[in-house]
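Worksheet: one structure, shown below.
In what follows, chains are A, B, ... by sequence order, proteins preceding strands, each numbered from 1.
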4 protein chains.
Amino acid sequence: MGSTPQARRGDTRQRIQDVAMELFAEQGYEKTSLREIAERLDVTKAALYYHFKTKEDILISLFQDLARPLDELLDWGRQQPRTLETKQELVRRYSVALQSALPLFRFMQQNQAAMSHLRPGETLKDRMIAMTNLLRDPDAALPDQVRSLSALFVMHTAIFAMQHIEADPEDKRKAVLEVALDLLAQAHPGEQAHPGEGVGDAPDAS
Amino acid sequence: MGSTPQARRGDTRQRIQDVAMELFAEQGYEKTSLREIAERLDVTKAALYYHFKTKEDILISLFQDLARPLDELLDWGRQQPRTLETKQELVRRYSVALQSALPLFRFMQQNQAAMSHLRPGETLKDRMIAMTNLLRDPDAALPDQVRSLSALFVMHTAIFAMQHIEADPEDKRKAVLEVALDLLAQAHPGEQAHPGEGVGDAPDAS
Amino acid sequence: MGSTPQARRGDTRQRIQDVAMELFAEQGYEKTSLREIAERLDVTKAALYYHFKTKEDILISLFQDLARPLDELLDWGRQQPRTLETKQELVRRYSVALQSALPLFRFMQQNQAAMSHLRPGETLKDRMIAMTNLLRDPDAALPDQVRSLSALFVMHTAIFAMQHIEADPEDKRKAVLEVALDLLAQAHPGEQAHPGEGVGDAPDAS
Amino acid sequence: MGSTPQARRGDTRQRIQDVAMELFAEQGYEKTSLREIAERLDVTKAALYYHFKTKEDILISLFQDLARPLDELLDWGRQQPRTLETKQELVRRYSVALQSALPLFRFMQQNQAAMSHLRPGETLKDRMIAMTNLLRDPDAALPDQVRSLSALFVMHTAIFAMQHIEADPEDKRKAVLEVALDLLAQAHPGEQAHPGEGVGDAPDAS
DNA sequence: TATGAATGAGGATTCATTCAT
DNA sequence: GATGAATGAATCCTCATTCAT
């Protein structure tokens, strides 16, 4: 790629994160050693410690970057009225975020265990619970609560489960989103979704 | 229950598996050391090596035990006609298996990475793909394929996602199963499910 | 000394302590690496960890062995009447203990800092304070308290300070003891020491 | 005291020495890292290297500063007649020096080991030997030599041993000095100390 | 005067594994 | 069936030091 050592000046921190992300996602946090990361970057292990205080710090820094879009979506959701439309929009936005951040989510799933001793409120699990709490109505019938929850999780699992199905990625995303929105609608019997807002096209992820 | 140290004679292998299962599920395979397992059993590390050739052997032995019910279900499914009813029964049976084996599945999820270098066809992922292939129809519309897939995965994710919701476990299971069966039915427009077979009660998990 | 590897079976723990003692006394705890200890014993570093949980554990184990005679002396002193004679006997016994345990005390002095974060009551300093509290009378005039304290410390410092003076070690010890007993007597004006008990000969330190 | 960051310009070298002194005295030389020193000064480690060539250089520079008063006292002593009065004056001056430089001496004691590979004649030990050689008479009886030695060392040990005794510091100093002078006098039987020169008051330590 | 970025050597510690008994 | 003692390789991490800027 023509990236000579000189051209790399100042971006070492970023490069560490990139490589770490890649390896953590591939092999998991525990199995990835700092030696491996350092070697791939052609720096010494000690150099990593100039940029991050501990190995876990690298993990956390990655996680925080990855969690930000989720946090923003949660913030947005909390400020909206608790209507079906809001929930549908949440799901739609989540679908888009997921599409452009699939490796990140893969990374997060691989490394849930390694992150499970974070401060409460800081884990992926906590964020997912927060998310589902925006979607489900605690007074609804249990099956309807399940439908709401599942609108969210279906997007995760289906995307992964469909990786070996041959089809256009955007088509797959729309198919999954359709099912998610369907579940959501079924979870709200008697309510009417906003007309004219379907699955729609994803914006460019530039 | 009267299991004195003497009474344990001969079941050390089983006890190792139990403890390993517990710890692997809790902290993951990589983070769990043989020292930890040995200490909890009050034996020496060397004793473990009398029963298992390597650490990975413990993992594999656990995995094989856990995978057997899944394999049996797959075998059964393969011998049935590819009808909606078969699929519904698959989902029903899966739901029951899941209920009595939740820790096992938790264990499997935690340790996917550690098992990913197994022979092809031996991983959990492979079995899940096989399972979804029994459920989905490759010629159906994409959203309907998603619905079929999701019938399966919803059972996983929802059960975990509902852990912090207060309700009777059996009620939760039925609610989840209802949604799964619903998805399946919706994935087969025009077909009619066998009447008189609803969510039903789970058999005793003796 | 003809100590073949075979002859060493079972005494590795002791040998670690011996070598550690030697090196800690010579270079101090911090400057001594486990590699050094292991190499001198011709075992691996990991072998050390079979016998001691941490490096500090080695230090503590040494310290406890060394502190025992001191503790015994303290115990004895606490059970005696608080008379001048008792104090004189304490000093006499201390002098003897010191003579046969000089390397140990050298070791302790070298490594005070490394041990300073022990539990209260566990440090050398605490024991010395306890010792001086047996010797001095808090109601006496300050200079007399100083004399009592000094009876103890003089034995330490003088022995070290006299190392480069040529004389028979036992003569040196007696000379120091004489001064210590003198200080003690002067600290108790008006009291009469037990007659017939002078500096005397040290018992064999076999 | 109005020492703004700006006011500190140019005294960085001094500030490094101050912080190093503090930390070396507290934790010892080996346990104190340059990172620690730099952080406490809010500069980079590299900045330390502008002022000192190595870590050991800091130690040596401190030691030389601290040793100067001792060297001056030694020089003075060497030029005086070898009388009891000279010795008494040496002890008196030493007592005063000690009082205003207690942390320094604490520092030196902590870090004897670290300095033990200095050129001969450069160590604290060497100076203490020189000092005792001014005090003791090699032809005197051994116990009298011990008394002379101890006159010096008592001042060290007693001051530290009395730290946990409640009393006015100046009173303590005088008490210790009295004992030291006493020891000296007793070491010179038949000689008469200069009359009218007792323990006296310490000069201001400006 | 200082810093930012890095290095090389070495630190303590842990791990899975082995083997004679 | 199990232990006691040990190993070799790897781990994360810290340190004093350097040097271009």
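For A:Thr44, the listed nucleotide lying nearest its side chain is E:dA6; candidates were E:dA6, F:dT7, F:dC15. Of the candidates E:dA12, F:dG1, F:dC13, F:dC13 carries the atom nearest the A:Leu34 side chain, counting heavy atoms from C-beta on. In this structure, of F:dC12, F:dT17, F:dC13, it is F:dT17 that holds the atom nearest to the side chain of D:Tyr49. Of all nucleotides listed (F:dA16, F:dG8, F:dA2), F:dG8 comes nearest to the side chain of C:Ala46. Proximity note for C:Tyr50 (side chain, C-beta onward) versus F:dA16, F:dG4, E:dT13: the nearest is F:dG4.
Taking atom CZ of A:Arg13 as the reference point, atom P of E:dG4 lies 14 Å away to the nearest angstrom. Atom pair B:Phe52:CZ and F:dA2:C1' shows a separation of 15 Å (rounding to whole Å applied). D:Glu30 places its CD atom 18 Å from the P atom of F:dT14, with the value rounded to the nearest Å.
In terms of phosphate contacts, D:Ser33 brings no side-chain nitrogen or oxygen within less than 4.0 Å of OP1 or OP2 of F:dT14. At least one side-chain nitrogen or oxygen of B:Thr12 sits closer than 4.0 Å to the OP1 or OP2 atom of F:dA2. OP1 or OP2 of E:dA16 has not a single side-chain nitrogen or oxygen of B:Thr54 nearer than 4.0 Å.
With a cut-off of 3.5 Å on both pairing distances, the Watson-Crick or G-U wobble partner of F:dA5 is E:dT18.
The cationic atom of B:Lys125 (NZ for Lys, CZ for Arg) does not lie both less than 6.0 Å from the six-membered ring centre of A:Phe160 and within 45° of the ring axis. Cation-pi check for C:Lys31 over D:Tyr29 is not met; the charged atom does not lie both under 6.0 angstrom from the ring centroid and within 45 degrees of its normal.
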Decide side chain to side chain contact (heavy atoms under 4.5 Å, CB included) for A:His117 and A:Glu56; before the verdict, give the C-alpha distance in whole Å, the side-chain angles of both, and the deciding distance to 0.1 Å. CA-CA 11 Å; A:His117 62 290; A:Glu56 206 186 0; 2.7 Å; yes
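Both D:His51 and C:Arg35 sit near DNA chain E, but only D:His51 has its closest nucleotide nearer the 5' end. Nearer to the 5' terminus of DNA chain F, by closest-nucleotide assignment, is the contact made by C:Lys45 (compared with the other of C:Lys45 and D:Glu56). Checking A:Glu36 against C:Ala47, the closest nucleotide of DNA chain F that is more toward the 5' end is the one next to C:Ala47. Where D:Leu48 and B:Lys55 each meet DNA chain E at their nearest nucleotide, the meeting point lying more 5' is that of D:Leu48.
Comparing F:dT21 with E:dT1, their P atoms are spaced 22 Å from each other, to the whole Å.
Between C:Arg35 and C:Glu39, at least one side-chain N (NZ, or NE/NH1/NH2) sits under 4.0 Å from a carboxylate O, which counts as a salt bridge.
Of all non-hydrogen atoms in D:Phe63 and D:Leu124, the two that sit nearest each other are CZ-N, 3.5 Å.
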